[in-house]
There are 2 protein chains.
Amino acid sequence: MDGWITQLRKGLLEVCLLNVLRRGESYGYEIVQELKRIEELAVSESTVYPILSRLRNEGLLKVRDVPSPAGPPRRYFSLTVAGKLRVAEMNAYWELLGQAMGKLIQGK
Amino acid sequence: MDGWITQLRKGLLEVCLLNVLRRGESYGYEIVQELKRIEELAVSESTVYPILSRLRNEGLLKVRDVPSPAGPPRRYFSLTVAGKLRVAEMNAYWELLGQAMGKLIQGK
DNA sequence: TTGGGTACTACGCAAAGCATAATAGCACGG
DNA sequence: CCGTGCTATTATGCTTTGCGTAGTACCCAA
């Protein structure tokens, strides 16, 4: 991986996860599959699971364990009220950032 | 500072610096002033100088020292050929990322 | 019984942002 | 003559993140 791409993603994957969950409850493995469909992200399990734990510890996500039809039980995550607020903030900031970068790239 | 914002910037500031230098030669202090004008970034000296050193070590920037009218000598940075290539790559990736995020945020 | 898909956890490294502080030269007012 | 403030850079150390690697565990089909 190209190094600078890895760095560009820092924090961004958190935004992605929260946005996926904005559409409704989901569990780790499914979220990974979902994000893998976006080639620009090309994310892996070892990246997503720690983020989910962290967001849960921060009180942005809540968990519900459900037995799986195959494999260990699924941990369904969904947004808490704080989580919904956070994702709104993040999307707003991302929007601003996009505009600022656009100007910068076009030499202002 | 809000933590998640700090993380979102990782790698991005590098892109910003290179884009500022795409307009022509500049030195650390001036670049900081330039980026401070963009409130979304609100960058500080201790962030910018290490990035400049790093980019130079990677061969993306070249340096020219010039005595300053006030204070220590200025270190003027400019893009090398590799630097110009890199900034083009980065801008392209940023564009893709913006599109992918846009879809994600709008619920696909 | 062996391979493959599902599903999660744990360990540890490298890199980035940033706070803090130190250094240093010039100009201006009192 | 001395302090304050602007210019301009360097050094140190902390925290967090992404991610490679590895391990655990369950089910089903060939």
Side-chain angles (χ1 to χ4, degrees), chain A residues 1-18 25-36 38 40-58 60-61 63-77 90 93 97, chain B residues 1-18 25-36 38 40-58 60-61 63-77 90 93 97:
Chain A
M1 184 61 48
D2 240 350
W4 62 267
I5 292 191
T6 295
Q7 296 308 321
L8 251 190
R9 295 186 192 185
K10 302 239 170 178
L12 188 60
L13 297 179
E14 197 169 303
V15 182
C16 292
L17 283 201
L18 290 171
E25 198 180 45
S26 184
Y27 55 99
Y29 194 79
E30 192 181 50
I31 296 174
V32 173
Q33 303 310 316
E34 181 69 25
L35 291 179
K36 274 189 174 162
I38 307 177
E40 289 81 19
L41 297 179
V43 96
S44 79
E45 284 81 359
S46 53
T47 303
V48 169
Y49 284 109
I51 297 178
L52 288 170
S53 297
R54 194 200 317 147
L55 292 176
R56 186 200 178 190
N57 291 336
E58 288 176 32
L60 302 179
L61 300 183
V63 184
R64 188 169 67 93
D65 282 36
V66 174
S68 164
R74 290 174 177 168
R75 318 204 70 186
Y76 277 90
F77 293 88
M90 283 176 157
Y93 183 72
L97 216 48
Chain B
M1 184 62 49
D2 241 347
W4 62 268
I5 292 191
T6 295
Q7 297 308 321
L8 251 191
R9 295 185 191 187
K10 302 237 171 178
L12 188 60
L13 297 178
E14 196 168 303
V15 183
C16 292
L17 284 200
L18 289 171
E25 198 181 46
S26 185
Y27 55 99
Y29 193 80
E30 192 181 50
I31 295 174
V32 172
Q33 304 310 317
E34 181 69 26
L35 291 179
K36 275 188 174 163
I38 307 177
E40 290 81 19
L41 296 178
V43 96
S44 79
E45 284 79 0
S46 53
T47 303
V48 169
Y49 283 109
I51 297 178
L52 288 170
S53 297
R54 193 200 318 149
L55 293 176
R56 187 200 178 191
N57 290 336
E58 288 175 32
L60 303 179
L61 300 181
V63 183
R64 187 169 67 93
D65 282 36
V66 174
S68 164
R74 289 174 178 168
R75 319 204 69 187
Y76 277 89
F77 292 88
M90 283 176 156
Y93 183 73
L97 216 48

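Source: prediction; values computed, not measured. Protein chains get the first letters and strands the later ones, always in sequence-line order, with residue 1 at the start of each.
OP1 or OP2 of C/dC18 lies within a sub-4.0 Å distance of a side-chain N or O belonging to B/Thr6. Taking only side-chain nitrogens and oxygens, B/Arg54 comes nearer than 4.0 Å to OP1 or OP2 of C/dA16.
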What's touching nucleotides 3-12 of chain D from the protein side, N or O pairs under 3.5 Å?
{"residue": "D/dT7", "atom": "OP2", "partner": "B/Tyr29", "partner atom": "OH", "Å": "3.0"}
{"residue": "D/dA8", "atom": "OP1", "partner": "B/Ser68", "partner atom": "OG", "Å": "3.3"}
{"residue": "D/dA8", "atom": "OP1", "partner": "B/Arg74", "partner atom": "NE", "Å": "2.2"}
{"residue": "D/dA8", "atom": "OP1", "partner": "B/Arg74", "partner atom": "NH2", "Å": "2.2"}
{"residue": "D/dA8", "atom": "OP2", "partner": "B/Tyr27", "partner atom": "OH", "Å": "2.9"}
{"residue": "D/dA8", "atom": "OP2", "partner": "B/Arg74", "partner atom": "NH2", "Å": "3.4"}
{"residue": "D/dT9", "atom": "OP1", "partner": "B/Arg75", "partner atom": "N", "Å": "2.6"}
{"residue": "D/dT9", "atom": "OP2", "partner": "B/Gly28", "partner atom": "N", "Å": "3.3"}
{"residue": "D/dT9", "atom": "OP2", "partner": "B/Tyr29", "partner atom": "N", "Å": "2.7"}
{"residue": "D/dT9", "atom": "OP2", "partner": "B/Tyr49", "partner atom": "OH", "Å": "2.7"}
{"residue": "D/dT10", "atom": "OP1", "partner": "B/Arg75", "partner atom": "NH1", "Å": "2.9"}

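In this structure, the CD1 atom of B/Ile5 is 16 Å from the P atom of D/dT16, given to the nearest Å. Rounded to whole angstrom, the span from the CG atom of B/Leu97 across to the P atom of D/dG18 amounts to 13 Å. Atom CD1 in A/Ile51 sits roughly 15 Å away from atom P in C/dC8 (whole-Å rounding). Atom CZ in B/Arg9 sits about 17 Å away from atom P in D/dT16, given to the nearest Å. With rounding to whole Å, B/Gln7 atom CD is found 8 Å from C/dA16 atom C1'. The distance between atom CG of B/Leu35 and atom C1' of C/dG17, rounded to the nearest whole Å, is 14 Å. Residue A/Leu13 contributes atom CG, which lies 5 Å from atom P of D/dG18 at whole-angstrom precision. Computed from coordinates, the A/Leu12 CG to D/dT17 C1' distance equals 12 Å when rounded to whole Å.
Atom CD of B/Gln7 is separated from atom CD of A/Gln7 by 9.5 Å, given to the nearest 0.5 angstrom.
A search for salt bridge (Lys or Arg N to Asp or Glu O under 4.0 Å) contacts involving B/Glu40 returns nothing, not counting sequence neighbours. Qualifying side chain to side chain donor-acceptor pair (under 3.5 Å) partners for A/Arg54, counting only residues two or more places apart in sequence or in other chains: A/Glu14. With sequence neighbours excluded, no residue forms a ring pair (Phe, Tyr, Trp, His ring centres under 6.0 Å) with B/Tyr29. For B/Arg56, there are no salt bridge (Lys or Arg N to Asp or Glu O under 4.0 Å) partners at least two apart in sequence or on another chain. Judged as a salt bridge (Lys or Arg N to Asp or Glu O under 4.0 Å), and not counting sequence neighbours, B/Arg74 has no contacts.
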